[in-house]
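Note sheet for the following structure.
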Protein chains: 4
Amino acid sequence: MPKLGMEPIRRAALVDATIAEIGAVGSLEVTVSRIARRAGMSSALAHHYFGSKEALFLAAMRHVLSVYTAEVRAELAGLRGPRARVSAVIRASFAESSFGREAVGAWLNFYVLAQRAPEARRLLAVYQRRLHSNLVHALRPLAGAAAPAIAEGAAALIDGAYIREALRAGPPDAAAATAMVEAQIAAALGEQTKRSA
Amino acid sequence: MPKLGMEPIRRAALVDATIAEIGAVGSLEVTVSRIARRAGMSSALAHHYFGSKEALFLAAMRHVLSVYTAEVRAELAGLRGPRARVSAVIRASFAESSFGREAVGAWLNFYVLAQRAPEARRLLAVYQRRLHSNLVHALRPLAGAAAPAIAEGAAALIDGAYIREALRAGPPDAAAATAMVEAQIAAALGEQTKRSA
Amino acid sequence: MPKLGMEPIRRAALVDATIAEIGAVGSLEVTVSRIARRAGMSSALAHHYFGSKEALFLAAMRHVLSVYTAEVRAELAGLRGPRARVSAVIRASFAESSFGREAVGAWLNFYVLAQRAPEARRLLAVYQRRLHSNLVHALRPLAGAAAPAIAEGAAALIDGAYIREALRAGPPDAAAATAMVEAQIAAALGEQTKRSA
Amino acid sequence: MPKLGMEPIRRAALVDATIAEIGAVGSLEVTVSRIARRAGMSSALAHHYFGSKEALFLAAMRHVLSVYTAEVRAELAGLRGPRARVSAVIRASFAESSFGREAVGAWLNFYVLAQRAPEARRLLAVYQRRLHSNLVHALRPLAGAAAPAIAEGAAALIDGAYIREALRAGPPDAAAATAMVEAQIAAALGEQTKRSA
DNA sequence: CATGAATGAGTTTTCATTCAT
DNA sequence: TATGAATGAAAACTCATTCAT
């Protein structure tokens with residue numbers, strides 16, 4: 001049954017399986033065999049397409065970040081006001097595609113990967129810079145010189161939300177996470193809000 | 001040459017070596033042999049004292065949390081005003097003992113451990129509850145019903161600060177982290193502050 | 001684009017690539033994929049033409065031996081005197097086609113192959129017999145009953161020259177090898193010679 | 001049953017098993033598992049003691065060369081005349097310890113190893129230099145300026161004898177090999193000899 | 001004719017863990 | 001108390017070979 005043009009399909013399946021497996025196991029200590037099995041192929045084929053486990057991890061990470069990037073772009077599209085743009089970035093950060101069970105589980109592990117794989121570190125740095133710049137850009141009209149600090153706080157809080165979500169039982173609660181970050185931004189901007197637990 | 005009363009000394013050395021090794025490697029993929037060598041003994045002895053690698057990890061985690069608990073207690077001792085108590089908790093969170101290079105590197109990995117080891121998860125839950133309750137207790141007089149939400153945000157931000165610190169090159173910047181969390185609290189409490197980037 | 005009559009071309013390309021690859025790597029631990037790539041085709045095609053890696057090795061070996069045989073024939077052509085015939089055989093043994101870098105590197109490995117592949121052993125035996133008989137034939141008028149022993153020594157020395165050449169850096173030194181064997185023959189025949197280092 | 005001081009015993013057993021296995025298979029394509037089994041232990045233990053397959057090969061090679069060195073030393077001990085010293089070196093080269101079935105089989109493969117492992121190449125170079133220098137030293141009084149060339153020829157012939165022996169069925173024929181080299185030396189020195197096939 | 005797809009079998013290497021001393 | 005000795009189990013990675021197209 002071998003068909004032509006399988007490569008992109010196989011690669012995508014492997015990347016998805018990698019994220020799922022890391023998310024499920026909650027650790028980078030997953031075997032290529034299990035990932036391959038999950039993707040419906042032999043481990044040899046996984047090596048054929050990616051060359052190494054590390055490369056597979058990096059591809060998975062790149063995928064997660066590109067999905068996030070796309071999400072942000074989509075949320076920002078067509079929005080005009082700066083306040084709305086801030087909310088869009090936050091909403092994108094907790095969108096199902098990035099904040100689903102598996103992705104959240106994988107997220108934390110990509111931070112771990114970044115501690116030993118320079119390329120992973122680079123990818124994470126790119127993500128952080130982009131998130132920061134998105135936020136600063138949107139916050140500048142609202143907070144002026146305070147924008148970078150507020151952005152820094154929001155970015156850290158988003159990471160904190162991810163890490164905590166990874167530990168919770170049950171499905172991620174995007175609404176709660178969003179509310180938490182929104183509240184922080186609101187307070188930082190000195191907006192009047194009604195707060196609830 | 002075996003001496004009496006070595007047990008607590010050996011155990012402490014192993015726990016320290018475990019934290020150092022995990023911090024240095026940036027991953028739980030650390031061998032018992034290396035930990036034992038770092039602690040100046042054979043891996044067989046490490047097993048003799050802890051029974052398993054997992055148990056050693058848990059002991060290390062317990063140690064990190066107990067150091068943190070002690071730090072909080074010390075910072076809180078003798079303080080009266082609620083606002084000062086909030087600051088004390090934050091200060092304790094970024095004290096050298098917990099926010100040193102190795103401890104920060106280990107921290108992230110304990111979150112990873114918690115994804116597969118129920119006992120680790122339990123320990124982390126205890127820490128989170130305690131932190132939350134400390135903060136709520138201190139914030140209640142200042143924020144009333146909003147205290148839990150503010151505490152939640154502060155706790156998540158602290159975790160976010162840790163995770164980001166783990167990635168940075170160079171020694172942890174406790175001052176910056178402290179300032180970031182203080183700023184968030186201040187904003188949430190509606191305090192007047194001068195902000196700087 | 002498949003063309004007709006490609007078979008002999010493909011086969012020759014594969015044989016050449018095999019010798020080159022073995023010579024370059026200096027070992028039989030060479031992959032069919034690399035050989036095929038060097039020959040400009042897929043490994044599947046290599047299998048299509050030769051059936052197995054072993055068969056490809058044998059074909060390469062056969063090629064090397066047939067090149068050598070042709071070289072000997074060419075050198076012997078038209079020569080009449082026995083002494084000249086001896087020199088012709090020696091010259092052929094160190095001709096560029098057989099004593100080039102790659103061929104020398106492959107040579108040693110064919111001896112290795114012969115230890116496990118009976119067919120390779122057979123081929124090598126044929127080569128040895130032919131070399132011996134060529135030498136004896138030429139030496140007989142000069143050395144009489146001593147011819148076989150002298151031939152044996154010359155043949156072994158030629159092999160020794162090959163094995164040593166395989167280890168040297170830089171291009172093979174055919175002149176030196178030739179001189180060494182000629183000197184041995186001369187001495188065995190009791191000729192008067194001036195020797196130089 | 002684990003005892004103390006096993007290391008040298010295990011190492012020696014592994015080195016012997018490596019030589020035997022390479023000799024038996026006639027190739028470096030032997031597995032660590034088989035070597036270890038032959039030496040009566042698990043492959044993990046082999047790795048424990050040698051670190052890698054390559055290191056094991058090198059140790060085996062070093063062993064073979066040191067055995068040969070000892071043999072030469074022993075044969076040379078107490079001999080005075082230069083001619084006797086030449087014969088001693090030749091005799092040592094074909095002594096049972098070096099010219100046994102397994103050692104001969106391994107020998108050729110060490111030449112192969114030398115093509116990819118620099119350390120192996122170095123070891124072989126040391127052997128060649130030593131052999132050459134031993135021969136030159138003994139030949140100088142007999143042949144003067146011609147000594148180096150004669151030595152070179154003898155050394156190459158010895159290697160040739162090894163390579164040819166590796167291919168023969170049946171046990172190595174040390175006597176024949178010795179006679180061949182002796183005859184070559186005798187002829188080169190212009191000695192009067194009766195030759196026989 | 002030619003190849004991309006696919007894998008089973010095998011190999012090196014690592015490591016937690018056990019045990020006799 | 002302490003450790004060298006030892007191994008089973010597993011994991012990454014490789015490769016010859018097959019097959020449908």
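Each chain gets a letter, A, B and so on, in the order the sequences are listed, and its residues count up from 1. These numbers were taken from a predicted model, which means no experiment stands behind them.
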Please list, one pair per line, the donor and acceptor atoms closer than 3.5 Å that link side chains of residues 54-66 of chain D to other protein atoms, with sequence neighbours excluded.
unit_1, atom_1, unit_2, atom_2, d
D:Arg62, NH2, D:Glu119, OE2, 3.4
D:Ser66, OG, D:His63, O, 3.0

*How does protein reach along nucleotides 9-15 of chain F, written 5' to 3' as B (base within reach of a heavy atom under 4.0 Å), S (only sugar-phosphate), or - (no contact)?*
--SSBBB

Let me know the distance between [atom1] of [X] and [atom2] of [N], rounded to the nearest Å.
| X | N | atom1 | atom2 | answer |
| --- | --- | --- | --- | --- |
| C:Phe50 | F:dT18 | CZ | P | 16 Å |
| B:Arg11 | F:dA2 | CZ | C1' | 16 Å |
| C:Ile35 | F:dA16 | CD1 | C1' | 11 Å |
| D:Met6 | F:dA6 | CE | C1' | 10 Å |
| C:Arg37 | E:dG4 | CZ | C1' | 14 Å |
| B:Ile9 | F:dA2 | CD1 | C1' | 15 Å |
| B:Leu28 | E:dC15 | CG | P | 14 Å |
| D:Leu56 | E:dT12 | CG | C1' | 12 Å |

_DNA chain E: 5'-proximal contact among C:Leu45 and A:Leu45 (nearest heavy atom)_ = C:Leu45

*Using the test ring pair (Phe, Tyr, Trp, His ring centres under 6.0 Å), find all partners of D:Tyr127 that sit at least two apart in sequence or belong to another chain.*
D:Tyr68, D:Trp107

Side chains of [X] and [Y]: does their closest heavy-atom pair fall under 4.5 Å?
| X | Y | result |
| --- | --- | --- |
| B:Val104 | B:Leu108 | no |
| C:Ile19 | C:Val15 | yes |
| C:Leu14 | C:Met41 | yes |

_At less than 4.0 Å, is any side-chain N or O atom of D:Arg10 found next to OP1 or OP2 of F:dA6? Yes or no._
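Answer yes for this pair, as a side-chain N or O of D:Arg10 is under 4.0 Å from OP1 or OP2.
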
*Under the 3.5 angstrom rule, does the side chain of C:Gln115 hit a backbone N or O of D:Ser27 as a donor-acceptor pair?*
no

*asked:* For Watson-Crick and G-U wobble pairs within 3.5 Å on both distances, what is DNA chain F written in dot-bracket notation, | included for inter-strand pairing?
replied: .||||||||||||||||||||

*What does C:Tyr49 touch in the nucleic acid at a heavy-atom separation under 4.0 angstrom: a base, only the sugar-phosphate, or nothing?*
sugar-phosphate

*asked:* Listing request: all salt bridge (Lys or Arg N to Asp or Glu O under 4.0 Å) pairs with a residue in residues 14-25 of chain B, at least two apart in sequence or in separate chains.
replied: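 Sorted result for residues 14-25 of chain B: B:Glu21-B:Arg34, B:Glu21-B:Arg38.
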
_Test: salt bridge (Lys or Arg N to Asp or Glu O under 4.0 Å). Region: residues 101-118 of chain A. Which pairs qualify, not counting sequence neighbours?_
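Matches after skipping sequence neighbours: A:Arg116-B:Glu29.
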
*Identify the two heavy atoms, one from C:Gly5 and one from C:Pro8, that lie closest to each other, and give their separation to 0.1 Å.*
O-CD, 3.6 Å

